[in-house]
**Q** 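I'd like to ask some things about the structure below.
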Amino acid sequence: MDYFNYKGDVLYAEDVPVSKLAEKYGTPLYVYSQRTFVEHFCKIKNAFSDMETLICYSVKANSNLSVLNELKKEGAGFDIVSGGELYRALKVGADPKKIVYAGVGKTAEEINYALEAGILMFNVESVNELKALDKAGKKMNKIVGVALRINPDVDAHTHPHITTGTKETKFGIDMGHAYQLYRSAHTYKNLHIKGLHVHIGSQITSTYPYIETVKKVSQFIKDLQKEGVELEYLNLGGGFGIIYNEEKPSTADTFALAIKPYVTGLKLKLILEPGRFIIGNAAILVTKVIYNKKGNKKDFLITDAGMNDLIRPAMYEAYHKIIPVEVSNKKEDKELGYYDVVGPICESSDFLGKDRHLPLVKEGDLLAVRGAGAYGFSMSSNYNSRKRMAEVMVKGKDDFLIRERETFEDLVDKEKIIK
Ligand code: LLP
């Protein structure tokens, strides 16, 4: 469910025609629907409302300050993976006690920053990180809140690049080792090991990988409890999948129904770290067709957005629906063309969609790439010295510029010419 719908022949973002936004702000343009992501956040919140649950929105999915701020207002905490993401969360006034920090490579500088900020806990991915945290705590005379991220060796049945819970990946600590670490927690004088974290991957549409995970994890926690190791938090990470094309993902309620029976008895506070589920379908990327090019074997629509703006198709062969911003009424325009929609970047992998049936598209027409809210802008780059695009948020009938389009000066701002 989202708020990008046609009214007649015109695509709207909530109550604003998308073509008006393109006219006002130019293209390419990321357009967000605030109502969509707030509703998605509330779906998860409500599904787990009968348990004490902290929902830490995963900042990496989309870190625009206005997105973070709107979610903060709804009570969200934040899942961060860098000093930069912490900076963003603090910038919108997030409560540090609702911030959890994951990632395999936290630097000493980042650890100190997060300790000073007083975050809820670090999701620790290795023994050496545990030692580094203990040392940092000692230096700053602080007790550091910690959860061990375990690797449950569960296959999330998603794209290999976004699978994180199997033994082959760099993430987490294997369960046997983690068990020993929990038992020897007292040897780390400046740590309070109070949680268990697990994140098995992303764009998971079925409940089964979660069930397999929570079964393993709950037994693990029960075994620890028998030995007198008491935890306070169980963090199940993110990963709830969304509809890009024909997927039939479980709903927030179904995920909750599947997970809760295994965790309620543990008497722990639950933490979730959804990113894509909240923001994924809450944005479209609006792009203009620059050229219509007839190739030997294929027809191409060359757009003003490329892989530097949305890298998911190039990187994971991800499918994003592409639809016209205005549907023509003329009979001859209703015929379908068959296109590869490609960007202007000098790489063969620069495409937004391949083999797409679209109404005959003319140069200058606008297209909307759906499902562009998560890992869209946040993974964008300046490759080919292209300015990163503007971002706009729509709330009902109002639109707000939430990031200006970059300028050429921005591109070279930090560079120096050696004299
Ligand atoms: N928690 C942790 C520890 C994570 O590593 C991630 C995502 C999340 C939460 C949020 O996962 P989500 O709910 O959004 O699935 N760039 C890829 C996705 C990479 C996900 C990385 N970790 C893509 O575009 O599909």
Side-chain angles (χ1 to χ4, degrees), residues 2 4 6 11 18 22 27-31 61-62 157-163 201-205 241-249 276 279-328 333-384 386 388-389:
D2 64 47
F4 298 101
Y6 288 106
L11 184 67
V18 171
T27 61
L29 185 69
Y30 274 108
V31 177
N62 188 304
H157 297 290
T158 181
H159 191 286
H161 289 182
I162 51 177
T163 291
S202 200
Q203 183 55 11
I204 302 167
T205 49
I242 62 168
I243 302 173
Y244 285 104
N245 187 19
E246 309 273 273
E247 300 90 340
K248 292 196 171 53
R276 190 190 315 265
I279 196 73
N281 281 329
I284 55 173
L285 189 170
V286 183
T287 182
K288 188 184 274 178
V289 175
I290 316 172
Y291 296 114
N292 197 324
K293 174 173 174 176
K294 288 222 173 301
N296 253 341
K297 287 200 164 159
K298 289 190 158 189
D299 289 347
F300 297 97
L301 295 176
I302 302 171
T303 58
D304 63 1
M307 67 190 284
N308 69 300
D309 302 302
L310 179 69
I311 204 170
R312 303 193 69 257
M315 200 155 166
Y316 318 109
E317 294 189 342
Y319 184 96
H320 287 261
K321 271 190 187 152
I322 300 177
I323 57 172
V325 165
E326 277 182 30
V327 183
S328 167
D333 289 348
K334 297 236 164 172
E335 255 178 73
L336 287 182
Y338 194 55
Y339 305 101
D340 274 11
V341 183
V342 301
I345 301 278
C346 300
E347 300 267 353
S348 320
S349 58
D350 178 25
F351 70 96
L352 297 174
K354 283 190 176 163
D355 302 324
R356 299 303 176 89
H357 283 287
L358 282 162
L360 287 186
V361 180
K362 298 185 294 300
E363 292 175 2
D365 284 356
L366 296 173
L367 297 173
V369 183
R370 295 181 63 101
Y375 310 105
F377 191 93
S378 66
M379 290 180 83
S380 68
S381 77
N382 291 116
Y383 186 42
N384 278 200
R386 289 164 50 78
R388 277 187 294 175
M389 67 174 87

**Q** Apply side chain to side chain contact (heavy atoms under 4.5 Å, CB included) to A374 and list each qualifying residue two or more places apart in sequence or on a separate chain.
**A**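 Once residues adjacent in sequence are excluded, the partners of A374 under the side chain to side chain contact (heavy atoms under 4.5 Å, CB included) criterion are A61, R276, I279.
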**Q** State, to 0.1 Å, how close P324 and P359 come at their nearest heavy-atom pair, and which atoms those are.
**A** CG-CG, 3.9 Å
**Q** How long is the gap from CZ on F4 to CD1 on I323, to the nearest 0.5 Å?
**A**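 Here the rounded value is 9.5 Å.
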**Q** Got I284 and L11 here, is their nearest side-chain heavy-atom distance under 4.5 Å?
**A**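 In contact.
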**Q** Please confirm whether the backbone N or O of D309 pairs with a side-chain atom of Y30, one donor and one acceptor, at under 3.5 Å?
**A**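 Judged by distance alone, yes, a pair lies under 3.5 Å.
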**Q** Please round to the nearest 0.5 Å and tell me the distance separating atom CG of L301 and atom CG of N292.
**A**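 One finds 5.5 Å between CG of L301 and CG of N292.
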**Q** Could you name each residue pair satisfying ring-ring contact (aromatic ring centres under 6.0 Å, His included) that touches residues 352-375, not counting sequence neighbours?
**A** Y338-H357
**Q** Are the side chain of D350 and the backbone of I345 linked by a donor-acceptor contact shorter than 3.5 Å?
**A** yes
**Q** Stepwise, does the side chain to side chain contact (heavy atoms under 4.5 Å, CB included) test hold for N382 with R388?
**A** CA-CA 6 Å; N382 291 116; R388 277 187 294 175; 3.9 Å; yes
**Q** Given D340, which partner from the list K294, K354, K298 fulfils the salt bridge (Lys or Arg N to Asp or Glu O under 4.0 Å) test?
**A**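 Only one option passes, and that is K298.
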**Q** Check the side chains of E347 and Y383 for a donor-acceptor pair under 3.5 angstrom, ignoring hydrogens and angles.
**A** yes
**Q** To the nearest 0.5 Å, how far apart are CE in M389 and CG in L310?
**A**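 So the CE of M389 and the CG of L310 are separated by 8.0 Å.
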**Q** To check you understand the geometry: which heavy-atom pair defines the closest contact between P249 and I242, and what is its length?
**A**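 Heavy atoms only, the tightest pair is CG-C, 3.8 Å.
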**Q** Evaluate the side-chain proximity of V341 to L358: yes if any heavy-atom separation is below 4.5 Å, no if none is.
**A** yes
**Q** Could you point out which residue of V361, L352, D365 forms a side-chain contact (heavy atoms from CB on, under 4.5 Å) with T303?
**A** L352
**Q** Could you pull out all residues at least two apart from E326 that satisfy side chain to side chain contact (heavy atoms under 4.5 Å, CB included)?
**A** V10, S19
**Q** Looking only at non-hydrogen atoms, find the nearest pair between L285 and P28 and report the distance.
**A**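 Result for this residue pair: CD2-CB, 4.3 Å.
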**Q** Find the distance between OG1 (T205) and CD (E247) and round it off to the nearest 0.5 Å.
**A**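 Nearest 0.5 Å value for the OG1-CD distance: 7.5 Å.
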**Q** Do any N or O atoms from the side chain of N384 and from the backbone of R386 form a donor-acceptor pair under 3.5 angstrom?
**A** no
**Q** Identify, with sequence neighbours excluded, every residue that meets side chain to side chain donor-acceptor pair (under 3.5 Å) alongside S380.
**A** none
**Q** Taking salt bridge (Lys or Arg N to Asp or Glu O under 4.0 Å) as the cut-off, I'd like each qualifying pair that reaches into residues 281-292, sequence neighbours left out, listed once.
**A**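 Every candidate salt bridge (Lys or Arg N to Asp or Glu O under 4.0 Å) pair involving residues 281-292 fails, so no pair, neighbours aside, qualifies.
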**Q** Which residues pass the ring pair (Phe, Tyr, Trp, His ring centres under 6.0 Å) test with Y244, sequence neighbours left out?
**A**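 For Y244, the residues satisfying ring pair (Phe, Tyr, Trp, His ring centres under 6.0 Å) (neighbours in sequence not counted) are H320.
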**Q** Mind running side chain to side chain contact (heavy atoms under 4.5 Å, CB included) on L366 and V18 for me, showing each step along the way?
**A** CA-CA 9 Å; L366 296 173; V18 171; 5.8 Å; no
**Q** Taking the side chain from D299 and the backbone from Y339, do they hold a donor-acceptor pair closer than 3.5 Å?
**A** no
**Q** For the side chain of N281 and the backbone of I243, is there at least one donor-acceptor N/O pair under 3.5 Å apart?
**A**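 Present.
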**Q** Treating T287 as the side-chain partner and L367 as the backbone partner, does any N or O pair qualify as donor plus acceptor under 3.5 Å?
**A** no
**Q** Cation over ring, K293 on Y291, under 6.0 Å and within 45°?
**A**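 The answer is no; the distance or angle limit is not met.
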**Q** Nearest 0.5 angstrom please: M315 CE to S349 OG, how far?
**A** 11.0 Å
